[in-house]
Amino acid sequence: MMAEARQFHEQPTELKQGYYSRDVTQKARFISGYGALRRSSFNWVDTLLMTPAPSDAQDHLPIICRDSATIFIGRIRELGETLSQLLSLALGLTPSTNEFISTNLTTANLNYYPPCPEPEVAIAANPHFDTSTFTILLQDQVGGLQVFHEGAADWVDVPSLHGALVVNIGNMLQLLSNNKMKSAEHKVFANAIVPRQSVACFFMPPIDFSTMSTKMYGPIKELVSEKYPAVYREASLAALWGSLYPDLEGSLRNPVLARLRIAYDKEVV
Ligand SMILES: O=C(O)CCC(=O)C(=O)O
Ligand SMILES: [Fe+2]
């Protein structure tokens, strides 16, 4: 997968530019410095975003990485299903009522971080929380990924072990689990010497695009009780993606979830 993704990214620009698009309905699209429209600093990264569902999406993938991406996505999807079930079990949910069993792979991003001439003034990926339920991440051996460790109150390296996958809990799971599972803040350093690659596969509850703007997500009913009252109010995907909040770079640690806390109004006054 990594070799083919690298071939895609290292092609001349003219061969990649046909995929350049900000149209989110396009099944394979190439962007540079994602997040740039919403932050003051660019991410030093090129990304091929693949939307693997529905299943005909593979016909839209660049031929250079189509076969390997299709196989990879199939395997990651199976792993995601197993993980969903394990997470549901860990939360004590019953298969008929939990919302993770049907969690599905919505986007797979082939990230390519070119060597950066001024790594001390740039960042490969700004500190962020994924919006997903969880993310399965494949990274190469270069390193640079860090996660914020609450206990140590500091950033720690996520070592790049050959053959290992990293699983990040995202904001959706923190919301659905009523704060039982915590979203992990992470960032990536740029380096001046070698390109770095990763494949980030984002899992979300099934998204019905016809009701996307009205569907609300909130703590799963089984996880809310008198002892554990709901920590968050219900939120639309737009709220979870942060598009409702223009000032995402303020002082709040997890600005999206902080705004969704039922106690938020009290906390800020
Ligand atoms: O490249 C990485 O290791 C992390 C990428 C990432 O955090 C993301 O795509 O959300
Ligand atoms: Fe991320």
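Along the sequence shown, residues are numbered consecutively beginning with 1. For clarity, every value in this text was computed on a predicted model and none was experimentally measured.
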### Message
Please say yes or no: joined through hydrophobic side-chain contacts below 4.5 Å, possibly via intermediate residues, are Tyr228 and Leu93 part of one cluster?
### Response
no

### Query
Would a distance-only check, ignoring hydrogens and angles, find a side-chain to backbone donor-acceptor pair under 3.5 Å from Gln174 to Ser183?
yes

### Query
Do the side chains of Phe72 and Cys201 get nearer than 4.5 Å, heavy atoms only?
yes

### Query
Between Arg196 and Tyr113, is there a donor-acceptor pair closer than 3.5 Å when you use the side chain of the first and the backbone of the second?
no

### Query
Do the rings of Phe30 and Phe8 sit parallel, tilted or perpendicular, given the 30° and 60° boundaries?
perpendicular

### Query
So, the side chain of Arg233 versus the backbone of Arg261: is there a donor-acceptor pair under 3.5 Å, distance only?
yes

#### Entry: Main-chain N/O of Leu49 paired with Thr47 side-chain donor or acceptor, under 3.5 Å
no

### Task
Let me know which of Asn168, Asn109, Thr107, Asp130 forms a side chain to side chain donor-acceptor pair (under 3.5 Å) with Thr135.
Asp130

### Task
Would you check if Glu185 and Asn254 make a side-chain contact, meaning some heavy-atom pair closer than 4.5 Å?
no

### Backbone N/O of Leu61 and side chain of Arg66: donor-acceptor pair under 3.5 Å
yes

### Query
Does the pair Leu237 and Met204 meet the rule for a side chain to side chain contact (heavy atoms under 4.5 Å, CB included), with working shown?
CA-CA 10 Å; Leu237 273 181; Met204 291 286 264; 3.5 Å; yes

### Test applied, side-chain contact (heavy atoms from CB on, under 4.5 Å); reference residue, Val45; option that passes from Ile31, Ile123, Asn111
Asn111

### Query
Could you give the distance from CD1 (Ile76) to CD1 (Ile71), rounded to the nearest 0.5 Å?
13.0 Å

#### Entry: Working for side chain to side chain donor-acceptor pair (under 3.5 Å), residues Asp46 and Ser32
CA-CA 4 Å; Asp46 288 341; Ser32 199; 2.6 Å; yes

### Message
Please tell me whether Phe148 and Val158 are part of a single hydrophobic cluster in this structure, the criterion being side-chain heavy atoms less than 4.5 Å apart.
### Response
no

### Query
Arg259 side chain to Pro255 main-chain N or O, any donor-acceptor pair under 3.5 Å?
yes

### Message
Would you say that Leu240 contacts Leu260 through its side chain, given a criterion of any heavy-atom pair below 4.5 Å between the two side chains?
### Response
yes

### Query
Going through the checks in order, is the side chain to side chain contact (heavy atoms under 4.5 Å, CB included) test met by Asp67 and Glu4?
CA-CA 9 Å; Asp67 289 350; Glu4 289 81 358; over 6 Å; no

### Query
When rounded to the nearest 0.5 angstrom, what distance separates CZ in Phe189 from CG in Leu145?
10.5 Å

### Message
Within the 4.5 Å heavy-atom criterion, are Asn179 and Tyr232 side-chain neighbours or not?
### Response
yes

### Task
Please examine the side chains of Pro205 and Thr133, heavy atoms only from C-beta on, and report whether any two atoms are closer than 4.5 Å.
yes

### Message
Same cluster or not: Val199 versus Val142, using hydrophobic residues (I, L, V, M, F, W, Y) connected whenever any side-chain heavy atoms lie under 4.5 Å apart?
### Response
no

### Task
Start with the C-alpha distance between Leu48 and Cys65, add both sets of side-chain angles, then the distance that settles side chain to side chain contact (heavy atoms under 4.5 Å, CB included), and finish with yes or no.
CA-CA 11 Å; Leu48 180 71; Cys65 57; 4.2 Å; yes

### Message
A side-chain contact here means heavy atoms from C-beta on lying under 4.5 Å apart; do Met50 and Lys27 qualify?
### Response
no

### Query
Are any side-chain N or O atoms of Glu118 and backbone N or O atoms of Glu120, one a donor and one an acceptor, separated by less than 3.5 Å?
no

### Query
Just wondering, do His9 and Pro195 contact through their side chains at under 4.5 Å, heavy atoms?
no

### Task
Verify, without hydrogens or angle tests, whether Asp157 (side chain) and Pro159 (backbone) share a donor-acceptor contact under 3.5 angstrom.
no

### Query
Under 3.5 Å, is there a donor-acceptor pair between the side chain of Asn178 and the main chain of Val231?
yes

### Message
Any heavy-atom pair between the side chains of Trp44 and Pro117 that's under 4.5 Å?
### Response
yes

#### Entry: Spacing of CD belonging to Glu78 relative to CG belonging to Leu105, to within rounding of 0.5 Å
12.0 Å

### Task
Take the angle between the ring planes of Phe203 and Phe134 and call it parallel below 30°, perpendicular above 60°, tilted in between.
parallel

